[in-house]
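The figures here come from the full heavy-atom set of this structure, side chains too, leaving out hydrogens, waters and symmetry mates. Throughout, numbering of the chain's residues begins at 1 and tracks the sequence.
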Amino acid sequence: MSIDSLRRSARATVSGLPRGFWWLWLSTLVNRTGAFVLTFLSLYLTQELGHSAWFAGLVVALHGLGGVAGSPLGGTLTDKWGRRPTMVTMHLVTASCAVALALVTTAWGVAGVVLLMGVSMQAVRPSIQATITDMVPEHDRRRAFALNYWALNLGFAVAAFGGGAAIFLGYRALFLIEAAAVTLCALIVFLRLPETRPEARRDPAGELVEKDRVSVLDVLRDAPFRTLVLLNLLVCLVFTAPWVGLPLSMAAAGLEPGAYGAVIAVNGVVIVAFQLLVNKITDKRSPAMLLTVSSLLFALGTGATALAGTPLVFAVTVVVWTIGEMVHVPTNAAATAKLAPEHARGRYQGVMGMSWALSGFLAPILAGWVVDGPGPDFLWMGTGVIGAVAALGYSTRLRRVLDEGEGQAQAQAQPQGQPQGQGQAQGQTITGKGGTDVDPTALAPAALDPAAVERALADSTPVDKTPADKTVSA
């Protein structure tokens, strides 16, 4: 493949998205570039404050527990209060928590701050996902979610490298740097990102339309979406297990701690280097098929860890499940957006976020218990089985609902060379004589009569665009 073809492929991957998306992308990159708290929290608690490894593990678990509560909270605020206010507020709360960690030294004070930080960090995610859904047409959403996930990992890689280089400044200085980065992220959102929440529908009395009143329990009553959440929880448990079990397995194989650092770094390197390529390959593929394949890659990669004994083989297993991660994360986010009603996008993303947060709380506990009991090999055999079960669920329970309308969504992206007026996305208009806009659906009855089409264009009057159309072009 030539350099020119690589450039064209990269340009195609990042082109065609609205300006507001790129401001959101930049805010994600800035936010994650300063993500030092979670990276160095365990070392800070044990080396700086002198707490036990057990207490450090408890505090990290509290961060995950806070996320379980923060995700539905953020989803509800996103739909009721707005995307931008939720993002700005939760970013500022996170920044305040980072400052507090630099000042608080008591054990339970630190635990309380980390718990609140878990709430705020997870609460901001539904608003980000809902904003991408609002801004980006359906046929481009998986690509947009993949690009945002790439920014997250790129920023995290910079934070890990920069934090290691700047550790001489002290842990508290790193926490203050994170506070500054998150505050800058909130400033970008406040100044540059438009509010994209759709207007709520109201009856003549001014009350919210009854069927638009959606609670978290209502979201869980949506059977296809509930299945998607449960299957994602299984995948998340598999995905989280290596972050706890892998260093223990490598230690049991007689490898030095430094070997684990090199092996797990492969995850970030592969994502930063190949996320855009993977997105190009998987673009326009069946969502159900991609989720099935990603689950099998998780099963294969983690299951094969039981057979590894050298750093090279361990690194190969990481590459396998990292590819699964690159496929799964944007596809799952786009599937959630597909199933969510317009007026409940925040709540749906919030409930989905609960599965990620819950796995972050449960997986370390379960993985540690299995490694201490039956042993590491049983952990990896278990993750292999769980990943296979998730793959079976995606292929048998969700194929129809996730693949429904995929062809229509792809047709909205007008191929190069296609005649003007074909492949119009829902909500777009055709320009008539005098520069006025015509709703293409109004021409449908006259589609076989060229004279009728010409009369419609000549006599057209301007058509008001929906708030969603304005958002996409923002």
Side-chain angles (χ1 to χ4, degrees), residues 28-67 91 93-122 124 151-185 240 242-248 250-251 256-269 271-272 357 360-361 363-364 367-368:
T28 298
L29 181 63
V30 170
N31 187 6
R32 297 303 293 179
T33 299
F36 297 125
V37 169
L38 287 182
T39 305
F40 297 100
L41 182 59
S42 296
L43 292 174
Y44 172 67
L45 292 172
T46 54
Q47 296 182 3
E48 183 86 5
L49 299 184
H51 295 297
S52 66
W54 172 87
F55 180 77
L58 174 64
V59 171
V60 173
L62 285 176
H63 185 277
L65 186 62
H91 281 319
V93 171
T94 299
S96 300
C97 288
V99 172
L101 276 179
L103 303 176
V104 176
T105 57
T106 62
W108 297 112
V110 169
V113 171
V114 171
L115 178 65
L116 178 59
M117 197 171 192
V119 173
S120 61
M121 288 181 69
Q122 192 67 31
V124 78
L152 186 151
N153 281 278
L154 180 61
F156 187 80
V158 172
F161 177 79
I167 197 68
F168 66 90
L169 296 174
Y171 295 109
R172 290 182 172 86
L174 292 180
F175 297 164
L176 292 176
I177 293 173
E178 171 157 356
V182 179
T183 302
L184 177 59
C185 171
T240 310
W243 301 93
V244 178
L246 188 58
L248 300 178
M250 294 183 69
E256 295 294 326
Y260 167 72
V263 167
I264 201 61
V266 171
N267 172 260
V269 171
I271 292 177
V272 171
F361 175 69

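Of the inter-residue distances, the one linking L38 atom CG with M121 atom CE reads 5.0 Å to the nearest 0.5 angstrom. Atom CG of L176 is separated from atom CG of L101 by 10.0 Å, given to the nearest 0.5 angstrom. A distance of 10.0 Å separates OH in Y171 from CG in L45, rounded to the nearest 0.5 Å. We find the CG-CZ distance between L62 and F361 to be 7.5 Å, quoted to the nearest 0.5 Å. Atom NE2 of H51 sits about 12.0 Å away from atom OG of S42, to the nearest 0.5 Å. How far CG of L58 is from CG of L65: 10.0 Å, rounded to the nearest 0.5 Å.
With sequence neighbours left out, the side chain to side chain donor-acceptor pair (under 3.5 Å) criterion links N267 to T322, E325. With sequence neighbours left out, the side chain to side chain donor-acceptor pair (under 3.5 Å) criterion links S96 to no other residue. Shown here are the side-chain contact (heavy atoms from CB on, under 4.5 Å) partners of L248, two or more places apart in sequence or in another chain: V371. Residues that satisfy the salt bridge (charged side-chain N to carboxylate O under 4.0 Å, His left out) test with E256, not counting sequence neighbours, are absent from this structure.
Contact record, P364 with V244: CA-CG2, 3.6 Å, taken as the closest heavy-atom pair. Nearest heavy atom pair, residue S52 against residue T46, reads O-CG2, 3.9 Å. Across every non-hydrogen atom of Y44 and V104, the tightest pair is OH-O, 3.9 Å. A181 approaches V30 most closely through the heavy-atom pair O-CG1, 3.5 Å.
No side-chain heavy atom of V59 sits less than 4.5 Å from a side-chain heavy atom of H63.
Here salt bridge (charged side-chain N to carboxylate O under 4.0 Å, His left out) pairs that include residues 44-56, with residues two or more places apart or in two chains, are E48-R172. The stretch residues 97-122 participates, sequence neighbours left out, in these side chain to side chain donor-acceptor pair (under 3.5 Å) pairs: T94-S120, Q122-R125.
E178 places a side-chain N or O within donor-acceptor distance of the main-chain N or O of V37, the cut-off being under 3.5 Å.
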